[in-house]
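As structure tokens, the structure follows; a few thoughts come after it.
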Amino acid sequence: MATGRTHRPATRSRGIPEATVARLPLYLRALTALSERSVPTVSSEELAAAAGVNSAKLRKDFSYLGSYGTRGVGYDVEYLVYQISRELGLTQDWPVVIVGIGNLGAALANYGGFASRGFRVAALIDADPAMAGKPVAGIAVQHTDELEKIIKDNGVSIGVIATPAGAAQQVCDRLVAAGVTSILNFAPTVLTVPDGVDVRKVDLSIELQILAFHEQRKAGEDAGQDDGSDDARAVAAREARRAVREVREAAGKTGPDAPAGASDRKGPDGDVPAVMPA
């Protein structure tokens, strides 16, 4: 099977919008579930409902793939699985390194969904010498001193950062210098990367803050129906603040102490939903 360095998906050169690319994994997850149930075809309405989008948007997205379905029949499930997998680059093997093997990094290493979607965890890397050699998810943790060699030997182009915020930029710089061109960042900080490097960011505390906003708004909407709404709003806000604080504290424990000199430079990167695919 080919590795991640031999081919890159052609979504940009074919002009597929980023919003469509972001929805392709949702369609693929729904289609895979249908395929496992031996469902041969699916209508745009049924697939859109399973993916959580409207059918007009789905048909537009599939038009970028050159797939229009058959009137009265729908879409061929197996062919769509192939089309989307090919477009996302999942018809090949993508070796991935995870840097920062604290609570979060270890959880990511143990996540079973990577292999079934074309991603192979090639190495686990941590700055703590005491972690070196310890098995996590059946893989021996290696020290950060070996980072560049690991990336070269395994042909890695995708890196996952699960370090404390203070260490993330330094780790990012080393990954990029070693040849990594795509980074999934779980550290609660914004990374600066050069042109040609893609960064996707997952921030659990931000997602909780958004939920806190909605909880506070719902509490406010109840104000006209419940004289005790001020108390309810205060409780909701207090609980939301506590949840955010716990996530931030947990994020600071996702790896060993940050190496001295780690930078906090700011720069643009992308955001993705803070959930792993089912």
Side-chain angles (χ1 to χ4, degrees), residues 1 3-5 92-189 191 193 197 199-205 207 245-264 269 272 274-278:
M1 180 177 288
T3 64
R5 289 229 183 253
Q92 61 198 62
D93 176 42
W94 292 98
V96 175
V97 296
I98 301 175
V99 185
I101 313 303
N103 295 332
L104 178 56
L108 292 171
N110 279 283
Y111 175 60
F114 289 136
S116 63
R117 291 168 172 81
F119 301 97
R120 173 176 58 85
V121 178
L124 305 177
I125 304 173
D126 200 279
D128 185 358
M131 288 290 295
K134 289 187 176 181
V136 175
I139 303 173
V141 176
Q142 300 180 69
H143 193 265
T144 49
D145 288 348
E146 303 295 319
L147 185 147
E148 287 78 9
K149 182 177 185 300
I150 291 168
I151 290 172
K152 180 180 178 181
D153 290 349
N154 290 277
V156 174
S157 58
I158 300 176
V160 178
I161 296 177
T163 67
Q169 185 64 56
Q170 184 184 58
V171 168
C172 175
D173 291 343
R174 289 183 63 187
L175 288 172
V176 172
V180 168
T181 52
S182 293
I183 294 173
L184 180 60
N185 177 34
F186 283 89
T189 189
L191 300 175
V193 296
V197 176
V199 176
R200 303 293 291 178
K201 181 182 176 188
V202 178
D203 193 322
L204 301 178
S205 67
E207 298 301 321
R245 184 168 61 251
E246 289 177 355
V247 169
R248 285 176 172 168
E249 290 172 355
K253 297 176 183 177
T254 57
D257 293 339
S263 163
D264 264 338
D269 62 10
V272 292
V275 294
M276 299 302 294

*So which pairs with a foot in residues 174-188 pass salt bridge (charged side-chain N to carboxylate O under 4.0 Å, His left out), sequence neighbours left out?*
Glu148-Arg174

_Tell me every residue that passes side-chain contact (heavy atoms from CB on, under 4.5 Å) with Ala106, counting only those two or more places apart in sequence or in another chain._
Ile101, Val136

*Option passing side chain to side chain contact (heavy atoms under 4.5 Å, CB included) with Thr163 (candidates Ile125, Val99, Asp126)*: Val99

*If you take all heavy atoms of Ala140 and Gly133, which pair is closest and at what distance?*
CB-O, 4.1 Å

_So Ile158 and Leu184, do their side chains get closer than 4.5 Å, heavy atoms only?_
no

*By side-chain contact (heavy atoms from CB on, under 4.5 Å), which residues pair with Ala122, not counting sequence neighbours?*
Pro95, Arg120, Asn154, Val156

*Exam field: side chain Asn185 to backbone Thr189, donor-acceptor pair closer than 3.5 Å*: yes

*With the side chain counted from C-beta on, respond yes when Leu175 and Val97 share a heavy-atom pair under 4.5 Å apart, and no when they do not.*
yes

*Sequence-distant partners of Val121, side-chain contact (heavy atoms from CB on, under 4.5 Å), two or more places apart*: Ile98, Phe114, Leu124, Ile139

*asked:* For Pro188 versus Asp203, what's the shortest heavy-atom pair and its separation?
replied: CA-OD2, 4.0 Å

*asked:* Tell me every residue that passes side-chain hydrogen bond (donor to acceptor under 3.5 Å, both in side chains) with Glu146, counting only those two or more places apart in sequence or in another chain.
replied: none

_If the condition is side-chain hydrogen bond (donor to acceptor under 3.5 Å, both in side chains), which residues does Asp153 pass it with, not counting sequence neighbours?_
Lys149

*Check the pair Val141 / Asp128 against side-chain contact (heavy atoms from CB on, under 4.5 Å), numbers first and verdict last.*
CA-CA 10 Å; Val141 176; Asp128 185 358; over 6 Å; no

*Measure across Leu147 and Ala178 and return the closest heavy-atom pair with its distance rounded to 0.1 Å.*
CD2-CB, 4.4 Å

*To the nearest 0.5 Å, what is the distance between CD (Gln169) and CD1 (Ile161)?*
8.0 Å

*Could you tell me which non-hydrogen atom of His143 sits nearest to which non-hydrogen atom of Ala127, and how far apart they are?*
NE2-O, 3.0 Å

_Testing the basics here: between Ala187 and Ala165, what is the closest heavy-atom pair and its distance to 0.1 Å?_
CB-CA, 4.3 Å

*Of the non-hydrogen atoms in Phe186 and Ala162, which two are nearest, and what is the gap between them?*
CB-CA, 4.4 Å

